[in-house]
Amino acid sequence: KGSALDKATLLIALLRARNIAAEYKIGEILIEEEKLLALYEVTDNEEMVRVHTSLLDNYFNTQDVIYYRNGVRTWAMPHAWVNAYISGQW
């Protein structure tokens with residue numbers, strides 16, 4: 001368990017311990033609302049909104065997390081990736 005940032009932090013520490021340069025990449029991923037309902041294991045849309053926005057309050061303004069892509073309601077979620085310098089390439 002743990003957040004994407006927790007896992008990225010661990011991976012960066014492990015890579016750096018092996019003298020491999022590594023850095024964070026921070027951004028957001030977009031998830032369609034139906035998939036988010038399944039992720040949070042809720043069936044009620046209002047409950048999903050409550051859970052999702054309470055999690056995001058720690059990251060950024062929750063008013064900016066809903067998008068419409070091709071008419072599908074889509075939610076933004078903060079995410080962290082690791083960028084490592086391996087074999088001369090990032």
Side-chain angles (χ1 to χ4, degrees):
K1 298 238 177 190
S3 70
L5 187 57
D6 295 333
K7 294 171 186 174
T9 300
L10 176 59
L11 181 54
I12 287 173
L14 292 170
L15 288 166
R16 289 178 178 170
R18 303 276 305 181
N19 293 316
I20 298 172
E23 62 187 12
Y24 293 99
K25 292 294 181 180
I26 305 294
E28 66 183 22
I29 57 174
L30 301 178
I31 301 177
E32 293 176 4
E33 190 165 84
E34 288 298 317
K35 293 178 182 175
L36 200 57
L37 286 166
L39 176 69
Y40 291 140
E41 298 178 346
V42 296
T43 55
D44 180 79
N45 195 29
E46 289 181 22
E47 178 68 7
M48 189 274 302
V49 170
R50 186 190 65 74
V51 170
H52 187 71
T53 55
S54 69
L55 290 171
L56 293 181
D57 276 341
N58 295 327
Y59 291 98
F60 52 83
N61 185 345
T62 57
Q63 294 174 345
D64 300 327
V65 300
I66 300 174
Y67 299 87
Y68 286 88
R69 295 185 333 171
N70 300 323
V72 177
R73 191 168 157 151
T74 304
W75 290 74
M77 294 187 71
H79 195 63
W81 294 266
V82 173
N83 200 23
Y85 191 75
I86 300 173
S87 299
Q89 295 183 19
W90 281 102

*Asks:* Linking directly or through intermediates, with side-chain heavy atoms under 4.5 Å: list the remaining ILVMFWY members grouped with Leu14, chain and number order.
*Replies:*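 Members other than Leu14 - counting any ILVMFWY side chain reachable under 4.5 Å - are Leu10.
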
*Asks:* Who passes salt bridge (Lys or Arg N to Asp or Glu O under 4.0 Å) against Glu33, sequence neighbours left out?
*Replies:*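 With sequence neighbours excluded, Glu33 shows a salt bridge (Lys or Arg N to Asp or Glu O under 4.0 Å) to Arg73, given in chain and number order.
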
*Asks:* Answer with yes or no whether the hydrophobic clustering places Tyr85 together with Ile12; edges join I, L, V, M, F, W, Y residues whose side-chain heavy atoms lie under 4.5 Å apart.
*Replies:*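 Shared cluster, no.
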
*Asks:* Pair Tyr67, Glu32 - check side-chain hydrogen bond (donor to acceptor under 3.5 Å, both in side chains), show working.
*Replies:* CA-CA 9 Å; Tyr67 299 87; Glu32 293 176 4; over 6 Å; no

*Asks:* If you look at every heavy atom in Ala4 and Ala80, which pair is closest and at what distance?
*Replies:*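 Looking at all heavy atoms of both residues, the shortest contact is CB-N, 3.8 Å.
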
*Asks:* Does anything in residues 2-22 pair up under salt bridge (charged side-chain N to carboxylate O under 4.0 Å, His left out), and if so which pairs, sequence neighbours excluded?
*Replies:*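 The answer is none; no pair qualifies.
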
*Asks:* What residues, two or more places apart in sequence or in another chain, satisfy side chain to side chain contact (heavy atoms under 4.5 Å, CB included) together with Ile31?
*Replies:*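 Partners of Ile31 by the side chain to side chain contact (heavy atoms under 4.5 Å, CB included) criterion, ordered by chain and then number, come out as Ile29, Lys35, Leu36, Met77.
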
*Asks:* In chain order, what residues pass the ring pair (Phe, Tyr, Trp, His ring centres under 6.0 Å) check against Tyr24, with sequence neighbours excluded?
*Replies:*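 In terms of ring pair (Phe, Tyr, Trp, His ring centres under 6.0 Å), with neighbours along the sequence ignored, Tyr24 is linked to no residue.
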
*Asks:* Side chain to side chain contact (heavy atoms under 4.5 Å, CB included) with Val42: which residues, sequence neighbours excluded?
*Replies:*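 Val42: side chain to side chain contact (heavy atoms under 4.5 Å, CB included) contacts with Leu37, Tyr40, Glu47, Met48.
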
*Asks:* List for me each residue that meets side chain to side chain contact (heavy atoms under 4.5 Å, CB included) alongside Asn83, sequence neighbours excluded, and say none if there are none.
*Replies:*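 With sequence neighbours excluded, Asn83 shows a side chain to side chain contact (heavy atoms under 4.5 Å, CB included) to Glu23, Lys25, Trp90, given in chain and number order.
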
*Asks:* Tell me, please, which residues at least two apart from Ile86 pass side chain to side chain contact (heavy atoms under 4.5 Å, CB included).
*Replies:*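 So Ile86 forms a side chain to side chain contact (heavy atoms under 4.5 Å, CB included) with Ile20, Ala84.
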
